[in-house]
Structures are given as structure tokens and as C-alpha cells.
Amino acid sequence: MSETTAAPAKKIEFEDPHLSAAGDLQESEVTRVRSLRGAWRWALLVLTAATILLCVNQQFSLRFFIDYTQLNTEYFYLLIALMLPFTFLMFPGSETAPLDRIPWYDLLLFAATFVSAIWLMFNIRKAAQFGWEFDGAPTHVIVAGLVMWFLLMEALRRTGGWSLLLSVLPFTFYPMFADATWLGPFRGTQSTLQQTTAYHMLSGESLLGIPIQAFADTVIGFLVFGTALMMTGAGKFFINIAFAMCGTFRGGAAKVCVFASGLLGTVGGSIVSNVLTAGTMTIPAMKKTGFTPSYSGAIEACASTGAVLAPPVLGATAFVMAQFMNTSYADVALAATIPSVLYYVGLFAQVDAYAARHKLKGIPRAELPRFWDAFKDGWYYLFVIVVLVVMLLHFKRESHAPFYASVLLVILHQWSGPAPWKLGNTAVLILSIVATAAMFWFSVLNAALWGMCLLAALNEFFPGKNWGGARWLQFLELNGKTFVELIAILAGCGLLIGAFSLTGVISSLANDLLNIAGGDAFLLLIMCAITSLILGLGLTTTSCYIFLAILVAPALEKLGLNKMAVHMFIFYWGMLSSITPPVAIASFAAAGIAGAPAMKTGWESMWVGSIIYFIPFFFVLNPALLLQGSNPYPEALGLTALACFGIVFICGGIQGYQAYVGDLRNAGLMEWPIRILLVIGGFVIATPGGGIMPLSQMQVTLLGLAILVPTVVLALLLVRRQGMVPDGLRVP
């Protein structure tokens, strides 16, 4: 009698692409990116390191430049000179341009960008002294400005595409014909070519305005922190935690996708990088458990889009938003907390309803990682995030926090590696607290020196997990590529702000919009949402936000709506470009992994992520959902509970399966009326009352229940009656 032994189940293992030698996950709006080699790669590495050091010097006032105090505008131009020229080396000028070598014209553009930026930097101090940004700038400065203007537009085309260029370029020329009668409400003060050029290049309202200020002050630090997290293995940690916690649920692979992408989003803020990190693991797992390829890609795209919403590290748009509102980034991150929760609750409910309707099971427990094993391998990531949040919310040191957190992360990552002798979790925790205290109590320079000495010792005693020279170079290269693309988009979009600032048209435009809407806040919000959706079809999230923050936000604020709610409303609607064709960068990236048609994945992403259409109206009606007000927390708790309750019914109606009711296909001809009523009832009950709403909170809630209760009762009766009918006699 032969004895057979069942083979043990093969556990799911995630190979983090960031940890491979060739890991290069950069968030890019274009697919054709040239990899730099040889001297040009070394130039990128050196200048990226210089960019980070300049930022540290500026934020911590370390005085690298002895006996010389650098103006902010000089600092901004120096960053532009270091990073912007690489746009022409990394991003080919056309579909036919070679990727394996750098053409002579790109080298010429590189040199012209560097020279013009340096020339303007050397003249910016005199410009501030003599008021050149308004009039009287010398000819050589105007020439350098015109060269920079042209190069910025070309850089914008290469990084953001023709749609972004054609949206921005006409507005940059707008001040030169602003007095034309045919402009109507856009009519403003007209300027000459010289005046427009000087204002764009020398003032603090255009090229050197809000987007570049946000990049120089806070974005660099948070990008460095996000890269450090990914390259130390945070992606693997969060995904293993998600598999351990959600993998066995029905549709478990999709719920892992939502949970893991949400966790990654809290520390990354990069949509495409999130897709490429989590999607390489979650999309194959979803396909294996019964999800279609396009639907798998759509779920990952929507879950990763939340990366720009999830605090404490939001996307670059959030930093620009903080600058626009003249508030701290910590306030923006805190305001995004509840909307982010609502978004992921909605996605989770969508996935659960879809899995139940299609009878999709979870992943066997034997194939999943154990929670405690995953937690022990990366507990220090959570510790570092807590330190970051404390520094942001309690100490209000948002420009310092990511640098402290990055140094602490690398140190703790080194301590956690294999060693000839083991340190217990308690000992490592004590050491981490000491490291944190050192960073709080000493200057950053002392903390960095202390950390370098410690790393040197760790390299001696902990050979299994330390970063060698090649790893540090990869870290710099990945940061450099992200800096280059982002500075091109932010600098180019800055000219938009300058154009409207120079013409003085914003105030009159706000009044015109109010007149068109008849002073009706709801109508103006709907106009804003439609405009944002249209702009989002061709623009990136950041550029779409900048457009609407200039044009529409002042009008909404004049109606008395909360400023944070207005800007967050615009931000959310602009974010739709990530999952909405024809841009849909998240959907297309996920489709590539899933092996699904790109456009089909894009349309399904809109369906899966449709909850995002509802959430902005919730918090703009009652800013307590953004934690705005003197004591918003009790009210926010109740509103969040009602919103989550309503979202469950909205998602049940969208997917055709209502929790605790069943598959609505069993309702026969009443399926679609019931689904529509569930969506309407869920939306009503989730909508905050009071404020600009004519109904109180109690009246809105009772109205929602009046719609939902009979709808659910009818659905229960129909679904259960159909369930009692023999299979052969059921209504198809």
C-alpha cells in the first residue's frame, strides 16, 4: 500500500521591484523615457545629491555658503538649473527620437537651459532691488527670460504631453492681448512682451511662484522619504500585511489590493509607482481567483489613485494646495483623512459586492503569509510613520520632518538586518527611541554625523541588510528622475498663475462666474465639477488643480464656502484624470500588468471608482468632514458613520449586490429600479444637512431612510422569493 503525502501549499511571495538591482519605478506621464548612462548618469547622480543638500541647507539654515545668504529666488533658480536641463536628456522629443543615445539638439537644449537659469539666478537679486519684474529689465535679462520661456514650454510638452502644453501655452501669452474686447470676462490689464517676460521670469508669482515654492520647500523632502521607504522594502511589508489580514475574505485578492495600495499610498503619494509596486502582486492574484483582467487592472488603478489622497504623505498637488491657501501642509494632510477613509471604504464595498455577485472566493490561508511574521520583519516602518505624523501635527515642522524620518528609517532598517548576534525587539525599539531623541535634540548636522557613524558600524556587523554603494546610487538616481519630471511640470504650470496675476482678472472673473450661476452654490459646484472633469481628460492632477484654483476657487469662496473644502473639492475632481480616459495613467499602467485592453480598463476604472463622484459633495456641504471648525471631531464622527452607511447602499446599487439582501438579479424586472433607488437613497443619507442645504441633518437622514427602507424590504422579498423557486423555473 503506497502512502502519498500532499505537497504543502505554495505561499505567496512578493518580490518588491524596488529591491531589485534594476528597480526603477518612477512616476511618469509618458512611456518613452531615456535611461542615462556613463557620464550623464553620473552628472544626474551628483546634481541630485547637490539638490538634496541645497534643500537641507535651506530648510535647516546650515549656511553651506560661508558669508553669503542666499535669497529664496536664487535658491529656486539654482534648483531649476540643476534639474530642469535633464528633461531634454531623459524625455525624447518625439516618438522617433532614439532612446539609446542623446541627439545633438537635446544636448543643445540641455546647455541652453542650464545657462539661462544660471544667468537669471545671477540677476535675480538686482531684479528684486530695482523692481525689474514690473519694468526696466535689461535686454540681456529679457533675452535669457525668453529662452527660458521657450525651454519651459518644450519641457512641459515632453513631460506632460501636447494636451498640457496646449492648455498652458496660450495663457502664458494672454497678458499681451488681455485688453481685447472679445475676451469678455477674461479682459484685463495688457502688458508688452518685455513686461510679460520680466514678470514671468523674475517675479515670485509666476515661474518662481507657488508650484516651485512648494517643490523647493516641502516636496523634495517628502519625495526623498517616499523613495527611502520603497527602497528599504516598505512595499513588501505593507503588501504582506494586507495579504495576511484580508486574503481569506471573499474576493480576498481584490481586498488585499485595496488595503495594500491604501497603505502604500499613506507613505508614497505616487499613483503610477503604487500601481507598479502593488499591482505586480495583486493583479495576478486577482486574475487567479476569478476576476477578469480588465477588472483586476481597474481595481488596482482606483486603489492606487487614492495614493494622492491618503495622509500623511499625499501627492505633489497637496503641497501646491497648501501654498495656494497659505496654510501648512499638515493642515491639508489632516483635512484629507476622512475623505480618504470614505474613498477606501467605498472601494472596499464595491469589491465586496462584486465578489459576492460573482461568487469569488478568497485565497486559502495556507498560501498566505502569517501576520506576526510580516509584522516582525517591518514593524519599524510604522514607528517611522508615527514619528513623521508627530512632527507634522504636534511639532509643526513639515519641512524638517521628512528628512528626520528618512535618516531614522535607514538607521532602523540597518539594525533590523541579519547579524552574528541578535537584538531583541525591545532592544531595537529602545535604540529607535534614542535615535529619534537624538534627531529632536541635536541639530540635523549632528544627527546626520551620528547616523553616518552608526551606519559605518552597522556595515561592519550587519552585512545582510546594509546599503552598499550601488544601492545609494540607485537611490539618488530614482530621486533625480522624479525631481526632473516634477520640476518641469510645476515650473511650466507656474506661468499660468503669473499670467492671471499680471492681468488682475481673477477678482472680476469670480464676480462673473457668480452672476452666471445666479449666486447658487450648488449650480456653481456642478459647473466646477464638469469643468474639472473636462480638464482632467487632458491634464495631470496638479495642472488641473492649478487651473481651477485660479479660475473657480475664488468664486466658490465668495459664496461663503469653506476655503479648505473648496480646494479639496477641486483636487478630488482633478484627480479623476488618473482613471479617466484618454489620460488615465493609472488605468493604463495597470492594464499593462493585467494584459488587458487599456481603454476597457479605463472605462471599468471609472465604474469601480465611481464613489469618488459623490464624496466631494459630502465634505463641501459640511466642512466638519475635513475636520474644519472650532470643535469638529464629534460632528465629524457622526457624519462619517452616516456617510459610510450610505456608501454601502450606493455601492450595492452600483454593483447589483446588496449586503444582507443578496444578488439583485434575483429581483427580476425590478432589479434596475431597486439598484437606482439604492444609489439615490444611499447618496441622500450620506449627504450632510444644514449649511447651504435647505434641510437639516435630521430631515436629510429621515428622507434617506424613507427611500432605503421600503427599497430594501422590497428587494428582500423579491430576492428570497426567487431563491425559493427551483432552479429550472427561475426567471433568467
(message) Rounded to the nearest 0.5 Å, what separates atom CZ in F88 from atom CG in L107?
(response) 12.0 Å
(message) Looking at I497, is its backbone amide N or carbonyl O close enough to the side chain of E205 to form a donor-acceptor pair, meaning the two atoms are under 3.5 Å apart?
(response) no
(message) A side-chain contact here means heavy atoms from C-beta on lying under 4.5 Å apart; do V484 and L44 qualify?
(response) yes
(request) Verify the ring-centre separation between Y329 and F319: is it less than 6.0 angstrom? (result) yes
(message) Is the shortest side-chain heavy-atom distance between F522 and V620 below 4.5 Å?
(response) no
(message) So, taking the atom named CD1 in I585 and the one named OG in S304, what distance separates them when rounded to the nearest 0.5 Å?
(response) 10.5 Å
(request) Check step by step if side chain to side chain donor-acceptor pair (under 3.5 Å) holds for N72 and Q58. (result) CA-CA 9 Å; N72 280 339; Q58 193 76 6; 2.9 Å; yes
(request) Just jot down the side-chain hydrogen bond (donor to acceptor under 3.5 Å, both in side chains) partners of T218, sequence neighbours excluded, or say none. (result) none
(request) Mind running side-chain contact (heavy atoms from CB on, under 4.5 Å) on L626 and I338 for me, showing each step along the way? (result) CA-CA 7 Å; L626 299 177; I338 293 178; over 6 Å; no
(request) Step through it carefully: locate the ring centre of F76, locate the ring centre of F215, and say whether they are under 6.0 Å apart. (result) no
(request) State, yes or no, whether a side-chain contact exists between F171 and F500 at a heavy-atom distance under 4.5 Å. (result) yes
(message) Quick one, V168 with S543, criterion side-chain contact (heavy atoms from CB on, under 4.5 Å). Give me CA distance, side-chain angles, the key distance, then yes/no.
(response) CA-CA 9 Å; V168 172; S543 54; 5.6 Å; no
(request) Show the numbers, then the answer: is there a side-chain contact (heavy atoms from CB on, under 4.5 Å) between L84 and T87? (result) CA-CA 6 Å; L84 186 64; T87 306; 3.7 Å; yes
(request) Taking the side chain as every heavy atom from C-beta outward, state whether T317 and V308 have any pair of such atoms under 4.5 Å apart. (result) no
(request) With F86 as reference, evaluate F91, F110, F483 under the ring-ring contact (aromatic ring centres under 6.0 Å, His included) test and give the passing residue. (result) F110
(message) How long is the straight-line distance from CG of L169 back to CG of L156, given to the nearest 0.5 Å?
(response) 9.0 Å
(message) ring-ring contact (aromatic ring centres under 6.0 Å, His included) for Y572 and F619? Distances and angles first, verdict last.
(response) CA-CA 11 Å; Y572 262 65; F619 60 69; 5.3 Å; yes
(message) Under the rule for salt bridge (Lys or Arg N to Asp or Glu O under 4.0 Å), what residues qualify as partners of E154, not counting sequence neighbours?
(response) R157, R158
(message) Using side-chain heavy atoms (C-beta onward) and a distance below 4.5 Å, is V219 in contact with V320?
(response) no
(request) Return the minimal non-hydrogen interatomic distance between T48 and L476, and the atom names on each side. (result) CG2-O, 3.3 Å
(message) Taking the side chain as everything from C-beta on, heavy atoms only, tell me whether L54 gets closer than 4.5 Å to T51.
(response) no
(message) Restricting to non-hydrogen atoms, name the atom on M148 and the atom on T113 that form the minimum distance, rounded to 0.1 Å.
(response) CE-O, 3.9 Å
(request) Verify salt bridge (charged side-chain N to carboxylate O under 4.0 Å, His left out) between K481 and E485, making sure each step is shown before the conclusion. (result) CA-CA 7 Å; K481 290 179 177 180; E485 179 177 12; over 6 Å; no
(message) For a quick test of reading the model, state the closest non-hydrogen atom pair linking L79 to A216 and the distance between them.
(response) CD1-CB, 3.6 Å
(request) Would you please test H200 and L207 for side-chain contact (heavy atoms from CB on, under 4.5 Å) and show each step? (result) CA-CA 6 Å; H200 276 325; L207 170 60; 5.7 Å; no
(request) Return the set of residues passing side chain to side chain contact (heavy atoms under 4.5 Å, CB included) with P103 (not counting sequence neighbours), or none when no residue passes. (result) R34, P98, Y105, D106
(message) Closer than 3.5 angstrom, by distance alone: can the side chain of S206 be matched with the main-chain N or O of L202 as a donor-acceptor pair?
(response) no
(request) Report yes if some heavy atom in the side chain of P211 is under 4.5 Å from a heavy atom in the side chain of I546; otherwise report no. (result) yes
(request) Can you tell me which residue pairs pass the side chain to side chain donor-acceptor pair (under 3.5 Å) test with a partner in residues 171-183, sequence neighbours excluded? (result) W149-T172, D179-R187
(message) For K396, is the NZ atom crowded, meaning more than 12 foreign heavy atoms sit under 6.0 Å from it?
(response) yes
Side-chain atoms of residues 551-569: list all donor-acceptor pairs with protein atoms under 3.5 Å, sequence neighbours left out, distances to 0.1 Å.
residue	atom	partner	partner atom	Å
E557	OE2	H567	NE2	3.1
K558	NZ	N511	OD1	2.8
N562	OD1	M564	N	2.9
N562	OD1	A565	N	3.0
H567	ND1	Y545	OH	2.7

(request) Give the minimum heavy-atom separation between M606 and I579, together with the two atoms involved. (result) CG-O, 3.6 Å
(request) Taking the side chain as every heavy atom from C-beta outward, state whether W132 and P138 have any pair of such atoms under 4.5 Å apart. (result) yes
(message) Suppose we screen for side-chain hydrogen bond (donor to acceptor under 3.5 Å, both in side chains). Which residues come up paired with N123, at least two apart in sequence or across chains?
(response) none
(request) First locate atom CG of L392, then atom NE2 of H400, and finally report the distance between them rounded to the nearest 0.5 Å. (result) 12.0 Å
(request) Heavy atoms only: give me the nearest I271-S578 pair and the separation to one decimal. (result) CD1-OG, 3.1 Å
(request) Look at atom CH2 of W119 and say whether more than 12 heavy atoms of other residues, nucleotides or ligands are closer to it than 6.0 Å. (result) no
(message) Please determine whether the number of non-hydrogen atoms from other residues, nucleotides or ligands lying under 6.0 Å from atom CZ of F177 exceeds 12.
(response) yes
(message) side chain to side chain donor-acceptor pair (under 3.5 Å), that's the test. Do Y199 and S501 meet it? Break it down for me.
(response) CA-CA 10 Å; Y199 192 82; S501 174; 2.7 Å; yes
(message) Looking at every heavy atom in both A310 and S340, which two are closest together, and how far apart are they?
(response) CA-OG, 3.5 Å
(request) State the OG1-CG distance between T159 and L165, to the nearest 0.5 angstrom. (result) 9.5 Å
(message) So, taking the atom named CD1 in I118 and the one named OH in Y77, what distance separates them when rounded to the nearest 0.5 Å?
(response) 11.0 Å
